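Here the structure is a predicted model, which is why all the values come from computation and not from measurement. By convention in this document, chain letters (A, B, ...) are assigned in the order of the sequence lines, proteins followed by strands, and residues within each chain are numbered from 1.
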Number of protein chains: 2
Amino acid sequence: MTQSNETTSYRDIKETVLARIRSGQWQPDSLLPNEQELAVEFSCTRTTVNRALRELADEGFLERRRKAGTRVLSAPQRQARFTIPMVRDEVEALGGTYRYALVSSATKRAPDWLCARLALKPDQDVMHVRCMHFNGNTPFQYENRWIVVDSVPQVVNADFASIGPNEWLIQTVPFTNVELSFLASRADESMAAFLDLPIGEPVFTGERITWLEGQPVTFAKMYFAAGYRMTTQY
Amino acid sequence: MTQSNETTSYRDIKETVLARIRSGQWQPDSLLPNEQELAVEFSCTRTTVNRALRELADEGFLERRRKAGTRVLSAPQRQARFTIPMVRDEVEALGGTYRYALVSSATKRAPDWLCARLALKPDQDVMHVRCMHFNGNTPFQYENRWIVVDSVPQVVNADFASIGPNEWLIQTVPFTNVELSFLASRADESMAAFLDLPIGEPVFTGERITWLEGQPVTFAKMYFAAGYRMTTQY
DNA sequence: AAAAGTTTAAAGTCTACACAAAATGGAAAC
DNA sequence: GTTTCCATTTTGTGTAGACTTTAAACTTTT
């Protein structure tokens, strides 16, 4: 058959299903009709119903199990998607002018805590890069990063005076796995100086560990200026 | 035709495409072969290629435009998905015993800042609920919440001594729009007392605004105990 | 009962094909 | 040269049908 204007699309089905959940017609934990039945109800094929339900399950509204069927999740595991932009993009999205400055860069033996964190051998070298990201002349983010030399040998030739380590890494090394955390930390002396705030102030902090095929590549701490908030809508 | 063991699945295609991007065979910004060509290469139908590429685009690796084709995103807008669990689940996932305690609950005229924040009329009533979430006897989260009475009239009969306002709301107001922020704040006197930490300590803080069909429902501030971090892997 | 094996219902995925919608790039009109 | 319009390409989505995989539910054996 052909796809006409009156066709029920997978979008319509998603909408209808959500509406029924919202209205309470389909209670949490209850079982939905199976795909075949819904296909009949919506007069479309099972394929179309499948796509709608699959996407709703991806989005955290439904739980699907073969043979068991599809049920409404009681505590919708609604997952917030935070887009993690590069600092440059974030600043420019705010309408500001991005400016980058290298603070220090040095290769040395990996400190113990980093070995533990990244499962490095105690004799492995890391390049330690500290840098600042500005919005115009206002500090935006202070970055403290370690790059595993064995995993990215080219790093010894990188010029972090002109390009930020994150941008350089993205261009240079593909990565496969990322662990990203956010927390609140106290401003120590250097953070306070770089971000222009009193020692002890709360600082919104991100930590990112990146691996390539199981090899640890880099560990970064990102300290955000006062007032920063990470926001998402869903 | 039939689906045999040697069939190329959309998963295989996703893997292969990712590998080619990672290896640099398909450079950032470059155009991929079109779906038909890839279907021939992988000896499967265009439908299967379409699903693989569509998902990769959803995941932020590719950009697809009709007629223009599919290209590799230069700065992969990889979005971190944080699952925002209910406090009870979070504590129990840590192997702890969840305990809830109501601190205070009162209905009053919405304060000015809240009217501004939620676009309320100045004479609207809100129920202000403060409560604690414990892991065993350790403070886990201090919650400060306002619920718009006009949007959820039943709230006046809710018994927040026995059930947390969040769990109550999820049961009562099934589905909503959410704006969620995270930031670092300073512990004031009451936060410090409830979370058992010194005044001025950094506190990882979540703020959530919830709407139902455009109507503001609730505003919540969630203050996490010392050491809390929100983590995701991808 | 408890464990092991079997049936079977439901989702998962693929094929093959068709038409729809968007947007690019070029042709035509100005 | 610039704008408008149109043909064409590429992705988007639907139909119809079949086979596959999982795991719940049932049956048999111990």
Original post:
Is the phosphate of D:dG14, meaning OP1 or OP2, less than 4.0 Å from a side-chain N or O of A:Tyr10?
Top reply: no
Original post:
Please, which pairs that meet salt bridge (Lys or Arg N to Asp or Glu O under 4.0 Å) have at least one residue in residues 153-168 of chain A, sequence neighbours excluded?
Top reply: A:Arg88-A:Glu167
**OP:** Return the value, rounded to whole Å, for the distance between atom CZ of B:Phe42 and atom P of C:dA16.
**Re:** 17 Å
Original post:
Once you round it to whole Å, what is the distance between C1' of D:dT9 and CG of B:Leu38?
Top reply: 15 Å
**OP:** Check whether any side-chain heavy atom of B:Val217 lies under 4.5 Å from a side-chain heavy atom of B:Leu169, and answer yes or no.
**Re:** yes
Original post:
Is it true that the side chains of A:Arg71 and A:Ser30 contain a donor and an acceptor less than 3.5 Å apart?
Top reply: no
Subject >> Presence of A:Arg11 side-chain N/O under 4.0 Å of D:dT13 phosphate oxygens OP1/OP2 >> reply: yes
**OP:** Quickly work out the B:Arg54 CZ to C:dA22 P distance and round it to whole Å.
**Re:** 17 Å
**OP:** Taking the side chain as every heavy atom from C-beta outward, state whether B:Ile163 and B:Gln171 have any atom pair closer than 4.5 Å.
**Re:** yes
Subject >> Angle between terminal axes - the helix from C:dA1-D:dT30 to C:dC30-D:dG1, 5 pairs each end, rounded to 10° >> reply: 10°
Subject >> Residues in salt bridge (Lys or Arg N to Asp or Glu O under 4.0 Å) contact with A:Arg54, at least two apart in sequence or another chain >> reply: none
Could you list all N or O pairs between the protein and nucleotides 4-11 of chain C that sit under 3.5 Å apart?
{"from": "C:dA9", "atom 1": "O4'", "to": "A:Lys67", "atom 2": "NZ", "distance (Å)": "3.2"}
{"from": "C:dA10", "atom 1": "OP2", "to": "A:Asn34", "atom 2": "ND2", "distance (Å)": "3.4"}
{"from": "C:dA11", "atom 1": "OP1", "to": "A:Thr70", "atom 2": "OG1", "distance (Å)": "3.2"}
{"from": "C:dA11", "atom 1": "OP2", "to": "A:Glu35", "atom 2": "N", "distance (Å)": "2.9"}

**OP:** Measure the distance from CZ on B:Arg71 to P on D:dT10 and round it to the nearest whole Å.
**Re:** 13 Å
**OP:** Name all residues meeting the side chain to side chain contact (heavy atoms under 4.5 Å, CB included) criterion together with B:Glu41; count only those two or more places apart in sequence or in a different chain, and write none if there are none.
**Re:** B:Arg20, B:Leu38
**OP:** Using a cut-off of strictly less than 4.0 Å, decide whether B:Thr48 has a side-chain nitrogen or oxygen near OP1 or OP2 of C:dT13.
**Re:** no
Original post:
How far apart are the closest heavy atoms of A:Gly206 and A:Phe182, and which atoms are they?
Top reply: CA-CD2, 3.7 Å
Subject >> Geometric class of the A:Trp113/A:Phe219 ring pair [parallel <30°, tilted 30-60°, perpendicular >60°] >> reply: perpendicular
**OP:** Whole angstrom is fine here: how far is it from CZ in A:Arg51 over to P in D:dT11?
**Re:** 15 Å
Original post:
According to a strict under-4.0 Å criterion, is A:Thr47 in side-chain N/O contact with OP1 or OP2 of D:dA16?
Top reply: no
Side chains of residues 224-233 of chain B: which donor-acceptor pairs under 3.5 Å do they make with residues two or more places apart or in other chains?
{"from": "B:Tyr228", "atom 1": "OH", "to": "B:Glu90", "atom 2": "OE2", "distance (Å)": "2.3"}
{"from": "B:Arg229", "atom 1": "NH1", "to": "A:Glu207", "atom 2": "OE1", "distance (Å)": "3.0"}
{"from": "B:Arg229", "atom 1": "NH2", "to": "A:Glu207", "atom 2": "OE1", "distance (Å)": "3.3"}
{"from": "B:Arg229", "atom 1": "NH2", "to": "A:Glu207", "atom 2": "OE2", "distance (Å)": "3.3"}
{"from": "B:Thr231", "atom 1": "OG1", "to": "A:Ser181", "atom 2": "OG", "distance (Å)": "2.9"}
{"from": "B:Thr232", "atom 1": "OG1", "to": "B:Arg81", "atom 2": "O", "distance (Å)": "2.8"}

Original post:
Should B:Thr45 be listed as having a side-chain N or O under 4.0 Å from OP1 or OP2 of C:dC17?
Top reply: no
